[in-house]
Each structure stands twice: as C-alpha cells, then as structure tokens.
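Taking it in order: structure first as structure tokens, then the write-up.
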Amino acid sequence: MTLQAPLVRLIAGFVIWSLGFVVIYAVQALGCAYHWGDWHRPILIGLYAIILIPLAWLSLPVRSGEVLAAAAVWANRAALLAAVLVFVPVTFASLCQ
C-alpha cells in the first residue's frame, strides 16, 4: 500500500463531516426561508442518515499493519462520533423560530 491511501483516509472522515455540516446547515436555513413545513424535518433526518453511511464505512477496521492506517481508522471513528453528536439535534430540536 502506498503512503497516499492512508493519508487520504486519515482526512476523509472529517472532510465528509464538514461537508455534511455545511449541507445540513444550508438545508435547514433554506427550509425555514421557504417554509417547507412537514417536509423539512424528514429531509434533514434523511441527510443525517446519508452522511453517517460513508463515515461508518470509513470507521471499519482495515487489515493493515501500518500505523498510519490504524490512525486513519481512529480518526474516522472520531468523525463518526462527532457527526452523531453534532447532527442528532435535527431529529428533535425546533427548526425555525
């Protein structure tokens, strides 16, 4: 395995997390601005689930003896935990004021 693949995996989780944060924040704002009503929360929950899928996949253990590959798995697990903790309010918090 080349050095490039573990480096990409090392940053992939938090890149996906940050993109997910921007998308959820933007959809939340658009839903409030355009009064999506009953569709707003299901769309946000769907986005939440879609964001968790690649983060969960990246968190699976890799069969490699490299230290960098192991660090990438743990970094992606941290990104998955951050996504769960930060994005879970879309399932219950009030959306628009």
Side-chain angles (χ1 to χ4, degrees):
M1 183 183 278
T2 65
L3 182 63
Q4 183 179 2
L7 284 175
V8 170
R9 286 185 67 96
L10 186 65
I11 64 167
F14 280 104
V15 168
I16 292 170
W17 179 89
S18 63
L19 290 173
F21 185 86
V22 169
V23 168
I24 285 179
Y25 199 98
V27 169
Q28 194 273 335
L30 288 171
C32 288
Y34 293 112
H35 308 289
W36 289 352
D38 293 338
W39 285 99
H40 197 183
R41 188 172 308 277
I43 289 171
L44 289 172
I45 292 172
L47 287 172
Y48 174 56
I50 289 170
I51 292 164
L52 291 182
I53 291 169
L55 290 174
W57 180 77
L58 286 169
S59 299
L60 296 175
V62 176
R63 296 178 193 255
S64 175
E66 296 180 18
V67 174
L68 192 57
V73 169
W74 283 104
N76 291 323
R77 288 176 180 167
L80 176 63
L81 180 62
V84 169
L85 292 175
V86 171
F87 301 154
V88 77
V90 302
T91 62
F92 64 86
S94 64
L95 298 173
C96 305
Q97 294 298 328

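Numbers here simply count residues along the sequence, with the first being 1.
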If you compare all heavy atoms of P6 against all heavy atoms of A69, which two are closest, and at what distance to 0.1 Å?
CB-N, 4.2 Å

Let me check something: do L19 and F14 share a hydrophobic cluster, defined by ILVMFWY side-chain heavy atoms less than 4.5 Å apart, either directly or through other members?
no

So if you build clusters from Ile, Leu, Val, Met, Phe, Trp, Tyr with side-chain heavy-atom gaps below 4.5 Å, do V23 and L30 land together?
yes

To the nearest 0.5 Å, what is the distance between CZ (R41) and CG (L44)?
7.5 Å

Given side chains that start at C-beta, do those of L47 and V90 come closer than 4.5 Å, heavy atoms only?
no

Got a sec: does the CZ of F92 have more than 12 other heavy atoms crowding it under 6.0 Å?
yes

Sub-3.5 Å donor-acceptor pair from the side chain of H40 to the main-chain atoms of Q28, do we have one?
yes

With heavy-atom distances below 4.5 Å as the criterion, would you say the side chains of L58 and I16 are in contact?
yes

Is the shortest side-chain heavy-atom distance between L7 and I11 below 4.5 Å?
no

Honestly curious: do V86 and L55 fall in one hydrophobic cluster under the side-chain, below-4.5 Å linking rule?
yes

Please answer: with hydrophobic residues joined when any side-chain heavy atoms are less than 4.5 Å apart, are I45 and L52 in the same cluster?
no

So V88 and Y48, do their side chains get closer than 4.5 Å, heavy atoms only?
yes

Can you check whether A71's main-chain N or O pairs, donor with acceptor, with R9's side chain at less than 3.5 Å?
no

Verify the cluster assignment for I51 and F21: are they in a single hydrophobic cluster under the rule of side-chain heavy atoms below 4.5 Å apart?
yes

